[in-house]
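Quantities reported herein were computed from a predicted structural model and do not represent experimental measurements. Numbered from 1 within each chain, the chains take letters A, B, ... in sequence-line order.
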There are 2 protein chains.
Amino acid sequence: MTPKGQGTAAQQVIRRLDALRPLSEAGVAALERLVAERIRHAAGNTDLISEGEPVDSVRMILSGWLCRHKTLADGRRQIVNFILPGETCDARIYLRGFADHTVTTLSPVIYAEVNRDDYEALLASDTSVAEALWCELLVDMAVQREWAVNLGRRDALERVAHLFCELVERLRPVGLAEANSCDFPVTQMELADATGLSAVHVNRTLQELRGSGLISLSGRTLTLSNPEALEHIAFFNRNYLHPDRRD
Amino acid sequence: MTPKGQGTAAQQVIRRLDALRPLSEAGVAALERLVAERIRHAAGNTDLISEGEPVDSVRMILSGWLCRHKTLADGRRQIVNFILPGETCDARIYLRGFADHTVTTLSPVIYAEVNRDDYEALLASDTSVAEALWCELLVDMAVQREWAVNLGRRDALERVAHLFCELVERLRPVGLAEANSCDFPVTQMELADATGLSAVHVNRTLQELRGSGLISLSGRTLTLSNPEALEHIAFFNRNYLHPDRRD
DNA sequence: CGTAATATTGATCATGTTCAACGTCGGTGG
DNA sequence: CCACCGACGTTGAACATGATCAATATTACG
């Protein structure tokens, strides 16, 4: 008996959704079918969605990293979230007339692009898929709230530490964070924009985290060398990422 | 011919949803019926939802202000959003096992408490209501993203100014911000927790905004004396609050 | 009228920014 | 193959925004 979705293009998406809320066999099959026919590739540093433009399809990320960001008129930029493999980019977003923010790839990305009609048909065809996708939305909202806490009330060290804890925890269910280590295609400039800090200060903060033996980050690989200590200094509580779990 | 929902308990909720996405006659009637039977009252400073506890009903706010907030282990608190009259508190939230944050009243509040089954029945009974509620969710997510920008990339003056612009804009469709003025049941301490600043600095920032003739805030009334200038210094762009509008 | 919560003020302090320079790495074209 | 180039990372010093602490109004309300 193979795990759900094993080996298919939609594997990451199915693993993630199934972890959020169990999918039916029919739901898994429907997702596999839908994804397989709509695969797209994008290079790094490409805008998939642009602020102010209409959006009429939903994207499911099969591999690669993206970020959501907004830029003020004077150039200050804030990354408001990352989008990781297995995640769905904006369920039913086409009910809005236009995008309120921009979505850009941080690395080459493979994704499935599902148009409005097919997405609605998917939601209507299988309750377990519809509920899992709604759960994903609820978790996404919880993540966004935690980012407000991070930006508003944690200092630089805690902020960066918390971000690392969160990202690794989000990569875990799709199998991309074995041994507390993961591919990390994010520059210090981008880390700065995600944490509301300057690039210079991010650099110094990373050195402090490295120096304390909490992480190692070089090239494109992030490792949490001492996850418990890191979570402790970050006041990290993974509950917000798991709709069904309580400590 | 009276406007939709005029004079009924659900008036604010209906005005807001209808502005987001037009409601059918049947949808309005269903909302009115549902709300009328489930009215609750809460005093100020009361927790309606507590972090870590299960949530099994959806609330629609008829009057009064609330906030969503999270507190770190050492007491630092961040208000991650306000909840205003006419807004729905967490569509389908019962798909999560427990709340990731706390919801507390800032003033006496009147709300309708809709249990899971009735809420699901409402969604199933009328497409226009289901879509309007989903639109509300999408706007809520856009608001949460904008808060990340506010906390991450705006300085104190811009931050407070932006918050004021947003709140007044959110109150406008329900008729609670005539003449750029509204009831404002928020202490400086709470403003500090919402903007990620200290209460002392919020006080000084308010004085600066007052001194520049941009706002007046005394007692429980906020007035935007010069909305254009305020929006300008805050880099405020109302698009994110309106799913169908582009400048 | 008294009390607690809220608002205000001044002074000192600290975290993180800015600026400017230099180092390093990977890729690309001669 | 190597030299160059641009992006990214690192360092130091000066600066600034906002935090903290502590004292003193002011207000709301029982």
Side-chain angles (χ1 to χ4, degrees), chain A residues 43-46 65 67 72 74-79 104-108 150-163 184-211 215-222 233-234, chain B residues 43-46 65 67 72 74-79 104-108 150-163 183-211 215-222 233:
Chain A
N45 202 24
T46 309
W65 287 40
C67 71
L72 299 185
D74 67 352
R76 280 175 287 176
R77 184 175 87 128
Q78 178 67 40
I79 291 177
T104 303
T105 60
L106 296 173
S107 68
N150 212 30
L151 292 163
R153 287 305 187 206
R154 275 187 267 255
D155 68 23
L157 194 71
E158 298 165 344
R159 237 182 259 188
V160 175
H162 191 278
L163 179 60
F184 196 76
V186 184
T187 65
Q188 292 185 4
M189 184 68 226
E190 287 155 352
L191 264 180
D193 283 341
T195 52
L197 299 167
S198 67
V200 169
H201 202 62
V202 163
N203 181 284
R204 290 177 174 135
T205 303
L206 290 174
Q207 291 179 47
E208 197 177 338
L209 288 170
R210 286 196 199 98
I215 65 159
S216 83
L217 173 59
S218 66
R220 289 170 44 112
T221 302
L222 169 68
I233 71 150
Chain B
N45 203 24
T46 309
W65 288 40
C67 70
L72 299 184
D74 67 352
R76 279 175 288 176
R77 186 174 84 126
Q78 179 68 39
I79 291 178
T104 303
T105 61
L106 296 172
S107 68
N150 213 28
L151 292 163
R153 287 303 186 205
R154 273 186 267 255
D155 69 21
L157 194 72
E158 297 165 344
R159 239 183 256 189
V160 175
H162 191 277
L163 179 60
D183 184 42
F184 196 76
V186 184
T187 66
Q188 292 184 6
M189 183 70 224
E190 288 155 352
L191 263 180
D193 284 342
T195 51
L197 300 166
S198 68
V200 169
H201 202 65
V202 164
N203 182 285
R204 291 178 173 133
T205 304
L206 290 175
Q207 290 178 44
E208 197 177 338
L209 288 170
R210 286 196 199 97
I215 65 158
S216 83
L217 172 59
S218 66
R220 289 171 43 111
T221 301
L222 169 68
I233 71 150

Between [X] ([atom1]) and [N] ([atom2]), how many Å, whole number?
X: A:His201; N: C:dC19; atom1: NE2; atom2: P; result: 17 Å
X: B:Asn203; N: D:dT26; atom1: CG; atom2: P; result: 13 Å
X: B:Asp74; N: D:dT20; atom1: CG; atom2: P; result: 10 Å
X: B:Glu158; N: D:dA16; atom1: CD; atom2: P; result: 17 Å
X: B:Met189; N: D:dA19; atom1: CE; atom2: P; result: 11 Å
X: A:Asp155; N: C:dT17; atom1: CG; atom2: C1'; result: 15 Å
X: A:Arg154; N: C:dT15; atom1: CZ; atom2: P; result: 18 Å
X: A:Arg76; N: D:dT17; atom1: CZ; atom2: P; result: 12 Å

Between A:Arg76 and A:Asp193, does any side-chain N to carboxylate O distance fall below 4.0 Å?
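The answer is no: the pair does not qualify as a salt bridge.
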Classify the side-chain pair B:Thr187/B:Glu190 by whether it contains a donor and acceptor separated by less than 3.5 Å.
yes
Upstream residue (5' side of DNA chain C) when A:Leu197 and B:Leu206 are each assigned their closest nucleotide:
B:Leu206
Using a cut-off of 4.0 Å on non-hydrogen atoms, how would the nucleic acid contact of A:Gly219 be classed: base, sugar-phosphate, or nothing?
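Counting heavy atoms under 4.0 Å across all strands, no contact is made by A:Gly219.
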At 4.0 Å (heavy atoms only), tell me whether B:Ser198 reaches a base, stays on the sugar-phosphate, or touches nothing.
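Counting heavy atoms under 4.0 Å across all strands, the contact made by B:Ser198 includes a base.
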State which of D:dA19, C:dG10, C:dG16 makes the closest approach to the side chain of B:Arg204.
C:dG10
Report the nucleotide, chosen from D:dG18, D:dT11, D:dC8, that has the shortest atom-to-atom distance to any side-chain atom of A:Thr187.
D:dC8
Contact check, side chains of B:Trp65 and B:Val186, non-hydrogen atoms, under 4.5 Å:
yes
What I'd like to find out is whether the side chain of A:Leu191 reaches to under 4.5 Å of the side chain of A:Ile79, using heavy atoms alone.
no
Drop me the distance from A:Leu209's CG to A:Ile215's CD1, to the nearest 0.5 angstrom.
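A:Leu209 atom CG to A:Ile215 atom CD1 measures 5.0 Å (nearest 0.5 Å).
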Select from A:Arg153 and A:Arg210 the residue whose nearest nucleotide in DNA chain D is closer to the 5' end of that strand.
A:Arg210
A:Gln207 side chain near D:dT11 phosphate (N/O to OP1/OP2, under 4.0 Å)
yes
